[in-house]
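Below: one structure, written as structure tokens.
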Amino acid sequence: MPELPEVERFRRVARGCAGRIVRRAAAADRGLLKGTSAAAFARRLKGARIGTASRHGKQLLIALSGAGCLAMHFGTNGSLQLLDADEPEPRYVRLSLAFADGRRLAYLNPRRIGTVELAKDARSFIAARGLGPDALDRRFDRKAMAAILAQRKRDVKSILMDQELVAGIGNLYSDEILFQARLHPQTPGDALDRQQIARLLAATKRVLKTAITCGAGSEQGLERLPREFLLRERRRGGHCPRCGGTVATLKSGGRTSYYCPTCQKRR
DNA sequence: TTAAGTGTTGCTCT
DNA sequence: AAGAGCAACACTTA
């Protein structure tokens with residue numbers, strides 16, 4: 001679930017903590033932390049002041065005044081919650097930052113697939129990771145989209161999901177984007193013409209922005225998506241919101257794609 | 001009851 | 001270059 005729109009929501013949660021001082025930090029002892037032990041990690045966070053929260057693709061970056069930056073990745077089902085003082089600790093909290101008023105910023109991750117690490121700053125972290133431009137960055141325009149597709153025979157779907165080419169799009173949203181652009185997920189990147197590239201870019205921006213507006217990742221996020229979204233029908237036996245036909249699936253690289261075989265013809 | 005499936009990424013092998 | 005397969009993990013569904 002945590003692709004660009006969900007992480008954007010987490011960013012807004014973190015933004016609500018700006019200026020607060022971490023009184024107490026607790027990190028789980030195995031799995032997610034990179035570089036340091038849980039104890040050392042918690043020690044470094046204690047006393048830090050929460051600064052600006054930014055996002056690059058699926059990566060959340062929380063600046064800490066004087067202490068670098070906290071980089072979070074949510075894997076397959078991580079989340080970020082601001083807990084009230086009297087709220088009991090939910091399960092699967094892997095990192096908790098407590099403030100003076102008793103509220104806690106909690107990073108949850110049931111499956112422990114994801115990472116939490118300390119970096120110098122957002123910019124160097126993104127560069128070190130080799131991440132492509134954020135999918136919603138203005139600089140990711142038609143020309144940039146054309147460039148990542150050109151001379152690549154790979155499926156357009158795997159290109160969209162390649163974080164080094166463009167950051168933020170995963171299995172679910174790539175399906176939605178391709179549906180909205182009416183492109184078959186297995187179309188080779190270099191087979192798209194100008195018009196299709198324009199449609200793909202427009203669908204990318206529109207789908208991601210709409211998902212953010214609808215509160216992707218929240219309880220009712222899915223139901224609030226527009227009726228014309230395939231995501232609402234992303235299940236076996238689901239129906240295409242455009243033609244009413246049954247959605248099909250295909251598998252590649254261990255990932256399942258949902259698409260409408262009628263509206264998304266292979267060319 | 002058991003097995004297969006799942007939003008991510010990174011690794012190895014081909 | 002790019003695909004497959006797998007591993008990490010804990011849960012849900014068939």
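Letters A, B, ... mirror the listed sequences (proteins, then strands); counts begin at 1. Predicted, not measured: the structure shown is a model, and the values here were computed from it.
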Problem - Watson-Crick or G-U counterpart of B:dG7, or none if no pair lies under 3.5 Å - result: none
Problem - Complementary nucleotide of C:dC9, counting Watson-Crick and G-U pairs under 3.5 Å - result: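 Pairing partner, where one exists within any strand: none, as none qualifies.
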Quick one: is [X] getting a side-chain N or O under 4.0 Å of the [N] phosphate, OP1 or OP2?
X	N	result
A:Asn171	B:dG7	yes
A:Lys58	B:dG7	no
A:Thr256	B:dT6	yes
A:Arg234	B:dG7	yes

In whole Å, measure the gap between the [atom1] atoms of [N] and [M] for me.
N	M	atom1	answer
C:dA2	B:dG7	C1'	23 Å
B:dT9	C:dT12	C1'	22 Å
C:dA8	B:dT1	C1'	25 Å

In this structure, how many angstroms lie between the [atom2] atom of [N] and the [atom1] atom of [X], rounded?
X	N	atom1	atom2	answer
A:Lys251	C:dG5	NZ	P	11 Å
A:Asp162	B:dG10	CG	C1'	12 Å
A:Arg235	B:dT6	CZ	P	15 Å
A:Arg94	C:dC9	CZ	P	11 Å
A:Leu108	C:dC9	CG	C1'	15 Å
A:Gln163	B:dC11	CD	C1'	17 Å
A:Arg111	C:dC9	CZ	P	13 Å
A:Gln59	B:dG7	CD	P	20 Å

Exercise for the section: Indicate yes or no: at least one non-hydrogen side-chain atom of A:Leu105 is less than 4.5 angstrom from one of A:Val13. Expected result: yes
Counting side-chain heavy atoms from C-beta on, which of [options] comes nearest to [X]?
X	options	result
A:Thr76	C:dA2, C:dA10, B:dG7	B:dG7
A:Arg154	B:dG7, C:dA8, C:dG3	C:dG3
A:Arg152	C:dC9, C:dG3, C:dA2	C:dA2
A:Ser252	B:dG7, C:dA2, C:dA4	C:dA4
A:His73	C:dA8, C:dG3, B:dT9	B:dT9

Practice task
State, to 0.1 Å, how close A:Leu95 and A:Ala27 come at their nearest heavy-atom pair, and which atoms those are.
Solution key: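 Heavy-atom minimum between the residues: CD1-CB, 3.9 Å.
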Practice task
Measure across A:Ile50 and A:Ala14 and return the closest heavy-atom pair with its distance rounded to 0.1 Å.
Solution key: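 So the minimum-distance heavy-atom pair works out to CG2-O, 4.4 Å.
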Practice task
Tell me, please, whether A:Phe99 has A:Arg20 positioned over its six-membered ring: NZ or CZ under 6.0 Å from the ring centre and within 45 degrees of its axis?
Solution key: yes
Practice task
Determine, using ring centers only, whether A:Tyr258 and A:Phe179 are less than 6.0 Å apart.
Solution key: no
Practice task
Inspect the contact between A:Arg206 and A:Glu228 and indicate whether a charged nitrogen and a carboxylate oxygen are less than 4.0 angstrom apart.
Solution key: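 Here A:Glu228 does not pair with A:Arg206 in a salt bridge, since their nearest N and O are not under 4.0 Å apart.
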Practice task
For A:Gln151 and for A:Arg236, locate the closest nucleotide of DNA chain C by heavy-atom distance; then report the residue assigned to the nucleotide nearer the 5' terminus.
Solution key: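 Final value for this comparison: A:Gln151.
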Practice task
Have a look at A:Leu172 and say if it touches a base, only the backbone sugar-phosphate, or nothing, with a 4.0 Å heavy-atom cut-off.
Solution key: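 The residue A:Leu172 makes sugar-phosphate contact but no base contact.
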